[in-house]
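Proteins get letters first, then strands, A, B, ... in listed order; numbering begins at 1 in each. Everything numeric here is computed off the predicted structure, so don't read it as measured data.
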Amino acid sequence: MNIFKHYEAVVRAILADLTAAGKLPEGLDTGKLTVEPPRDASHGDLSTNAAMVLGKQARMAPKALAELIAEALRARGEVTAVEVAGPGFINLRLSPDVWRAGVADILRVGTTFGDSDLGQGRKVNVEYVSANPTGPLHAAHGRGAVFGDALASLLKKAGFDVTREYYINDAGAQVEVLARSAMLRYREALGEKIGEIPAGLYPGEYLSDVGAALAARDGDRWLRIDETEALAAIRDFAISDIMETIRDDLLALGVDIEVFTSERALVASGAVDAALRTLEERGLIYVGVLEPPKGKKPDDWEPRPQTLFAATKFGDDVDRPLKKSDGSNTYFANDIAYHLDKYRRGFAEQIDVWGADHGGYIKRMQAAVKAVSDGAAELDVKICQLVHLMQNGEPVKMSKRAGTFVTLRDVIEEVGKDVVRFIMLTRRNDQTLDFDFAKVTEQSKDNPVFYVQYAHARCRSVLRHAAARLEGVDLASVDLSPLTGEEEMNLIRRMATWPRLVEAAAEAHEPHRVAFFLGDLAADFHALWNRGKDDATLRFIVEDQPALTVARLALVQAAALTLASGLQVLGVEPAEELRA
RNA sequence: GGACCCGUAGCUCAGCUGGAUAGAGCGCUGCCCUCCGAAGGCAGAGGCCGAUGGUUCGAAUCCAUUCGGGUCCGCCA
């Protein structure tokens, strides 16, 4: 249960009563009304801005209105104190029993704690990674992969019907380059001397494997037929081989994407032409000449008439080309068809996760989605900023030309998938992130993964120690009234904010908030733990006090479950124990 | 020239979509292990939230202007 939501409903009910009694005018806009934990805990347990939001509308002084609401709140038994503070905040304190009931609640629902019906089962499509199928994933892809995956889990927890999707760009010029590069390696595998890889082709070693696999399967048959035909076959072989590698790499990262959509198949189905017709019918396509980009005129610029989409009607800065000067479709045209396809599959809410270099593409894509769905579909684009790989504070040198880029697979094997996942989420998506191999595996509190895992492991350790006492005890129904300590209540209150955080993070599409929450929760637990260092009566297990001990163990169990619930969203396995 | 993102403690970053006295980690100072894992915890110092205007009961948060840093900029993908 979400205690803040609950009291928001209570406040709304009070307002309705006041309106019915004629003390408030009808039709007040309560859209901005909130019930939140106050920033400063000394102000109370909950705080509402109701009086300040409504004061002006109701033509009442906020403080006077606050008193009216406060009076009604005081009448409730479980509310132990209500005060009006500052410009009109209403602060309330709740009986400890209310908070303790939250603990019992967690124990009943387990790691589903925090689940919400916010999404009402609405369909959402999260498209992420979508790396070109021309080589294995590199380290930077990992961020988008983790971000998209955690966002999908978060939305699912918040009650959305989520589909994870990957768009395979297998229709552009880059896969033709791939075909020729693979062809070369294929001939090499058949014994030919190929020498230097010519400029313009992909030099990566992984293509040797592709060539060898093809040679092993088909012998030299592709050298004996028409080259165009052979290249098409080799292209398809290479793509499916590389996609298999990509899928494996993603699985190693715990990323399991359900839907893979092929651009080539989409084009072949006629979807692009259909999408363009849709725009045509709406009068959003015309032939025109674009201005050169200011201040950065390409050398070979010459004005050309092109088929353009009227993106400016939907908030973009300029209209965007749909067809190249040779008459073929642009990538943008294919992308429009793809997003229309998603919409037709029932996704009125779409999220794309892109790399930092695609920032300039957002507006036109959003414009296109609006246009093609007649305003019914909404596209949110999340940009993941760069990841700087470091080793002890020194940047890891990478060079595409020398082929010395770090693959995602390398990173996972070096530090483990849980570390990769957690660290990738310790920064907001639009902030660049340093990933230091030395730091992320360090076992100390500067390492957030470790810090959170350590808290969970400590919980499990306590419960293991107490296993004998817990035989036949149902923690969910034990008497929790012995839980009275300050650190205990802090921990309990922190856990109670989890359902609220899930909703806020899901609405904002910001999974990193979960990682920060877990850090805070872990800190509360470590603080509580250390109280037992100073004062033996504050330990979890107190020899001659079974009732107290069992209550505290219930709290420990609830903390472990809350940590696990959050880690589950991040796709990180909660640790049972940590070893040096 | 334009678009988008970022400017918050010495450093790395949060800041709950506008709330009360702006937070955390590192680093610095000083404490806490005969005791469930000190791989932790407690306390202290450290701030004109880049700058200037505006919006309102109230601004780090929203708007405008401006200064720094990053990403990108016909038909590439």
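Using the six-membered ring where Trp is involved, His138(A) and His141(A) have ring planes that are tilted, between 30° and 60° apart. Taking the six-membered ring where tryptophan is involved, the planes of Phe314(A) and Phe309(A) are essentially parallel, since the angle between them stays under 30° and well short of 60°.
Regarding the sugar-base torsion, C62(B) falls in the anti class, its angle being beyond 90° of 0. Classification of U17(B) as syn follows from a glycosidic angle within 90° of 0.
Base contact: Ser325(A) has a heavy atom under 4.0 Å from a base atom. Here His43(A) lies in heavy-atom contact (under 4.0 Å) with a base. Counting any heavy atom pair closer than 4.0 Å across all strands shown, Tyr331(A) reaches a base atom. Arg500(A) comes within 4.0 angstrom of a nucleotide base, judged by non-hydrogen atoms across all strands. Here Pro448(A) lies out of heavy-atom contact (under 4.0 Å) with every strand. Contact annotation for Ala173(A): backbone-only contact, meaning every heavy-atom pair under 4.0 Å involves sugar-phosphate atoms and none involves a base. Base contact: Ser47(A) has a heavy atom under 4.0 Å from a base atom. Within 4.0 Å of Arg458(A), counting heavy atoms only, lie sugar-phosphate atoms of the nucleic acid but no base atom. Looking at heavy-atom distances under 4.0 Å, Ala85(A) makes contact with a base. In this structure, Asp335(A) reaches neither bases nor backbone, as no heavy-atom distance under 4.0 Å exists between it and the strands shown. The residue Pro62(A) sits apart from the nucleic acid: no heavy atom pair falls under 4.0 Å.
For A14(B), the OP1/OP2 oxygens have a side-chain nitrogen or oxygen of Gln431(A) closer than 4.0 Å. The phosphate of G15(B) (OP1 or OP2) has a side-chain N or O of Arg428(A) nearer than 4.0 angstrom. Close to G15(B), at under 4.0 Å from its OP1 or OP2, lies a side-chain N or O of His512(A).
Between U71(B), C16(B), A38(B), one nucleotide has an atom nearer to the side chain of Arg513(A) than all others, and that is C16(B).
Contact of Asn49(A) with A20(B) (side chain to base): no donor-acceptor pair of N or O atoms is detected under 3.5 Å. At a cut-off of 3.5 angstrom, counting only N and O atoms as typed in the model, there is no donor on one side facing an acceptor on the other between the side-chain of Asp317(A) and the base of G2(B).
Distance noted for atom C1' between G40(B) and U8(B): 28 Å (whole Å). Separating the C1' atom of C49(B) from that of G41(B) is a span of 30 Å, rounded to the nearest Å. Taking the P atoms as reference points, C63(B) lies 11 Å from C4(B), given to the whole Å. Separation of the C1' atoms belonging to C5(B) and A9(B) is 23 Å when rounded to the nearest angstrom. As rounded to the nearest Å, G69(B) and C33(B) have C1' atoms that lie 46 Å from one another. A64(B) and C28(B): their P atoms are spaced 44 Å apart (whole Å). Taking the P atom of each, A24(B) and G18(B) are spaced 24 Å apart, rounded to whole Å. Rounded to whole Å, the P atom of G7(B) lies 11 Å from the corresponding atom of U61(B).
We find that Glu573(A) and Arg421(A) are not joined by a salt bridge, their nearest charged nitrogen and carboxylate oxygen being 4.0 Å or further apart.
Protein atom CZ of Phe517(A) is 12 Å distant from nucleotide atom C1' of C16(B), rounded to whole Å. What separates NZ of Lys56(A) from C1' of G19(B) is a distance of 16 Å, to the nearest Å. Between Arg320(A) atom CZ and G2(B) atom P the separation is 16 Å, expressed in whole Å. Look at CE on Met52(A): it is 6 Å from C1' on G19(B), rounded to the nearest Å. The CG-P distance, from Leu33(A) to G18(B), rounds to 15 Å in whole Å. Here C16(B) presents its P atom at 11 Å from CG of Leu501(A), a figure rounded to the nearest Å. For Tyr361(A) and A77(B), the OH to C1' distance is 9 Å, given to the nearest whole Å.
Cation-pi contact between Arg500(A) and Phe4(A): present, with separation from the ring centre below 6.0 Å and deviation from the ring axis of at most 45°.
By the stacking rule of 5.5 Å between ring centres and under 30° between planes, Phe89(A) stacks on the base of A20(B).
Remark: Asp40(A) engages Ser42(A), His43(A) in a side-chain contact (heavy atoms from CB on, under 4.5 Å) (not counting sequence neighbours).
The two residues Pro448(A) and Ile423(A) make their nearest non-hydrogen contact at CG-CD1, 4.3 Å.
Within a 6.0 Å radius of CD in Glu36(A), more than 12 heavy atoms belonging to other residues, nucleotides or ligands are found.
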